[in-house]
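By convention here, the first residue in the shown sequence is residue 1. Since the model is a prediction, treat every value here as computed from it, not as a measurement.
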Amino acid sequence: MNVPTSASAGPKPGDTSCATTGSVDFGVDLAGDGWKFTTGDDPAWSDPAFTDGAWRDWTVPDNWGAHTDLASYDGFAWYRKTFTLPERPAGVTDSAVVAALGKIDDADQAFLNGSEIGRTGGFPPSFDSTWEVPREYYPADGLLRWGGTNVLAVRVYDGTGGGGFYQGPVGLFSKARLRALAGTTGTAATRTQLAHACAVLNRQHRAVAAGDVRGYAATLAPGFFHQGDTADRRLTELKALLKTGKVTLTDTQAEVFVDNRGRLVVDTIRTWTGLPPTRELLYIDPRKQLELGDRSRFFRDDYASAAMGRRAQFNVYLPKDYTRTGAKRFPVVYMLNGFNGSNIEWEARKIDTVLDTLGVEAIVVFPDGGSGWYVDTSAGNYRTMIVGEIVPLVDRVYRTIPDRDHRGISGVSMGGQGAFTLGLKNPDVFSSIASHMGALSLPPLVGTPAEQAANAGLRPLTLVAGMTAADLNRHRFYFDGGDSDEYRFGAAAQQMSTALAAKGVRHDYQLGPGRHDDAYWMPKLERSFALHVEQFRR
């Protein structure tokens, strides 16, 4: 989308200093050849003066698994790219340029001209895989060398599986170019429209700074719904923040354009005191000058988790009817990620489109299970986070049918193991259990040796062996596995079917051709959700 920085002609409006009418469509694509690569780790490699001529010539995006010597490599590696920026284009400011590095497996730290511009994930000894998170970093003013030579150096750590820059875009882009790459289109806001958007933002900033909850509420349109927040929930969160002290709300690098529905859209980096900055698209009614919310049906939610000692994320999918009515309530399915994953991996799978295609009439919640095996250990209290915090929170803030008969749990791989353990150990919370290529033969492989020993009984096959048919029949079961599963989880599914059949417990099970990958299990979502729906209808 090409959005000019100059305002369109029109009546002189009010204050427009909070934002621009959009950035120039600008980008320097750094994907492709011309990169240098080496394994190992040395802080000196971030220095633009370092000579990397002995490193391997490389292409980005890449896949370590495609290189014989890297296929089984887990550890540090560095990438460097030397490139020339053009002379600064008219209308382009440093603060409006985003360094987009796509998705990196597993963690990274990026340097531009020797200065760190951002990092995602965790390096050993606090390894944290964030392979599914798109990287967007914001270089400081003055860091870009327009008309000169620049060096981008990226330190990467892969902890398991493949590695590398596995998905773009990779480069330096204006927000307008990033919106275009994402398929978000629009036209430039007029000066009057820009003033209308700024009026809303400024009213919000002033109200929050003054602790004026009613004043902030007056900026939200009737039916406001944004990333899971209704007006009531947003105001409740604001009141909670105000109890901790003075609160400020800021918007930086804000750009305004008009979408194809005539709404004003503010592309901004929004920061509430005490919360991390987030890039958001805010939607504003151009006539009533009220924030509408994005009315999204698939988004990330978060809250302050006592169990985890930090803010915890989860993704939420809402069925099509959810935003069409304010009265109807819905059943809920909790979907658990596999090892080395998180709630964000479902975005890469475009799971919302998949669920829409299946016609799923349930709220689906995707907790951030990390690699915690859905138990409480020194690595994190994942069981308590989900059962004790997220389930009650979802019932409180979304229109659920808050009982076990309308609550199911599904999972993939490690998540399939977790679906069985959380479901069977919490029969008053979950009524239906589904596992896709689940680790049903394994106990939780997380925590200290003592913690692993204490949790050894949480092996799904062991749990089932020790339960009565009556207890097992409180649930409905679906599970599957591939006959070529690298971890032999297909064989584990066969064992589970045999164990349940021996006790006369009905279940839906399938073993078919396939490996331990998305190509095997994703086509079977229709069958697992059919089981949940059947239980909900009962």
Side-chain angles (χ1 to χ4, degrees), residues 307 314 329-337 362-367 369 372-377 381-396 398 400-412 414-436 438-444 454-480 492-493 495-509 527-538:
F314 57 95
R329 290 185 169 271
F330 298 84
V332 187
V333 176
Y334 288 81
M335 193 89 180
L336 308 182
N337 62 265
I363 298 169
V364 185
V365 177
F366 305 87
W373 288 86
Y374 304 101
V375 291
D376 289 351
T377 68
N381 296 315
Y382 288 92
R383 184 202 67 82
T384 298
M385 176 187 73
I386 294 172
V387 178
E389 294 181 342
I390 294 180
V391 169
L393 173 64
V394 168
D395 284 343
R396 187 167 64 250
Y398 296 98
T400 69
I401 304 173
D403 60 46
R404 59 96 56 188
D405 290 329
H406 294 88
R407 196 181 292 125
I409 188 165
S410 286
V412 179
M414 178 193 79
Q417 197 266 13
F420 262 80
T421 58
L422 290 183
L424 292 177
K425 297 296 287 185
N426 298 277
D428 293 332
V429 179
F430 304 105
S431 61
S432 50
I433 298 171
S435 165
H436 293 285
L440 306 183
S441 56
L442 298 181
N455 287 325
L458 293 176
R459 173 178 175 264
L461 287 169
T462 301
L463 278 176
V464 167
M467 294 177 67
T468 67
D471 286 338
L472 289 168
N473 274 319
R474 294 190 65 189
H475 293 91
R476 302 294 302 278
F477 296 94
Y478 167 87
F479 48 96
D480 58 44
Q495 291 175 293
M496 180 61 74
S497 180
T498 299
L500 291 174
K503 296 192 175 193
V505 177
R506 59 180 178 177
H507 58 279
D508 183 12
Y509 150 71
R527 194 153 158 180
S528 64
F529 270 92
L531 174 103
H532 291 306
V533 170
E534 183 181 345
Q535 166 60 27
F536 300 153
R537 287 174 178 166
R538 291 178 66 214

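Shown here for Val464 and Ala499, the closest heavy-atom pair between the two residues is CG1-CB, 4.2 Å. Closest non-hydrogen pair, Tyr509 versus Ser497, comes out as CD2-OG, 3.4 Å. The minimum heavy-atom distance linking Ser432 with Phe536 is given by the pair OG-CE2, 4.2 Å. The minimum heavy-atom distance linking Ser528 with Tyr478 is given by the pair CB-CD2, 3.6 Å.
Using a 4.5 Å heavy-atom cutoff, the side chains of Leu393 and Phe314 are in contact. Residues Asn337 and Met414 form a side-chain contact, since some pair of their non-hydrogen atoms from C-beta on lies under 4.5 Å apart. Residues Ile433 and Gln535 are not in side-chain contact: their nearest non-hydrogen atoms beyond the backbone lie 4.5 Å or more apart. Annotation: side chain of Leu463 is not in contact with side chain of Phe420 (no heavy-atom distance under 4.5 Å). Residues Pro367 and Tyr374 have side chains not in contact (no heavy-atom distance under 4.5 Å, counting atoms from C-beta outward). For the pair Leu472/Phe477, a side-chain contact is recorded, criterion being any heavy-atom separation below 4.5 Å from C-beta on. Between Pro443 and Leu458, every side-chain heavy-atom pair lies at or beyond the 4.5 Å cut-off. Inter-residue side-chain proximity for Thr400 and His406 is flagged as unmet; no heavy-atom pair is nearer than 4.5 Å.
In this structure, CD in Gln417 is found 5.5 Å from CH2 in Trp373, a value given to the nearest 0.5 Å. For the atom pair Ile390 CD1 and Phe366 CZ, the distance stands at 12.5 Å (nearest 0.5 Å). Put simply, CD1 on Ile386 and CG on Asn381 are 11.5 Å apart, with the number rounded to the nearest 0.5 Å. The distance from the CG atom of Leu440 to the OG1 atom of Thr462 is 11.0 Å, given to the nearest 0.5 Å. Note that OG of Ser435 and CD1 of Ile409 are 11.0 Å apart. Values are rounded to the nearest 0.5 Å. Distance CG/Asp428 to CG/Asp405: 10.5 Å, rounded to 0.5 Å.
In this structure, the side chain of His475 engages the main chain of Gly423 through a donor-acceptor pair within 3.5 Å. Ser431 places a side-chain N or O within 3.5 Å of a backbone atom of Arg404 that can act as its donor or acceptor partner. Remark: the backbone N or O of Ala470 is not paired with any side-chain donor or acceptor of Lys503 at under 3.5 angstrom. Remark: side-chain polar atoms of Arg383 are not paired, donor with acceptor, to backbone N or O of Leu422 under 3.5 angstrom. With hydrogens and angles ignored, the 3.5 Å screen pairs a side-chain donor or acceptor of Arg459 with a backbone N or O of Ser441.
Remark: Asp508 pairs with Arg527 by the salt bridge (Lys or Arg N to Asp or Glu O under 4.0 Å) rule, at least two apart or across chains.
Checked options Val429, Ile363, Val387, Val394; the residue passing with Tyr334 is Val394 (criterion: side-chain contact (heavy atoms from CB on, under 4.5 Å)).
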(Q) Determine whether Arg476 and His532 satisfy the following criterion, side-chain contact (heavy atoms from CB on, under 4.5 Å), listing intermediate values before the conclusion. (A) CA-CA 8 Å; Arg476 302 294 302 278; His532 291 306; over 6 Å; no

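Judged purely by distance below 3.5 Å, without hydrogens or angles, the side chains of His436 and Ser410 never pair a donor atom with an acceptor atom.
No salt bridge links Asp395 with Arg329; every basic N to acidic carboxylate O contact stays at or beyond 4.0 Å.
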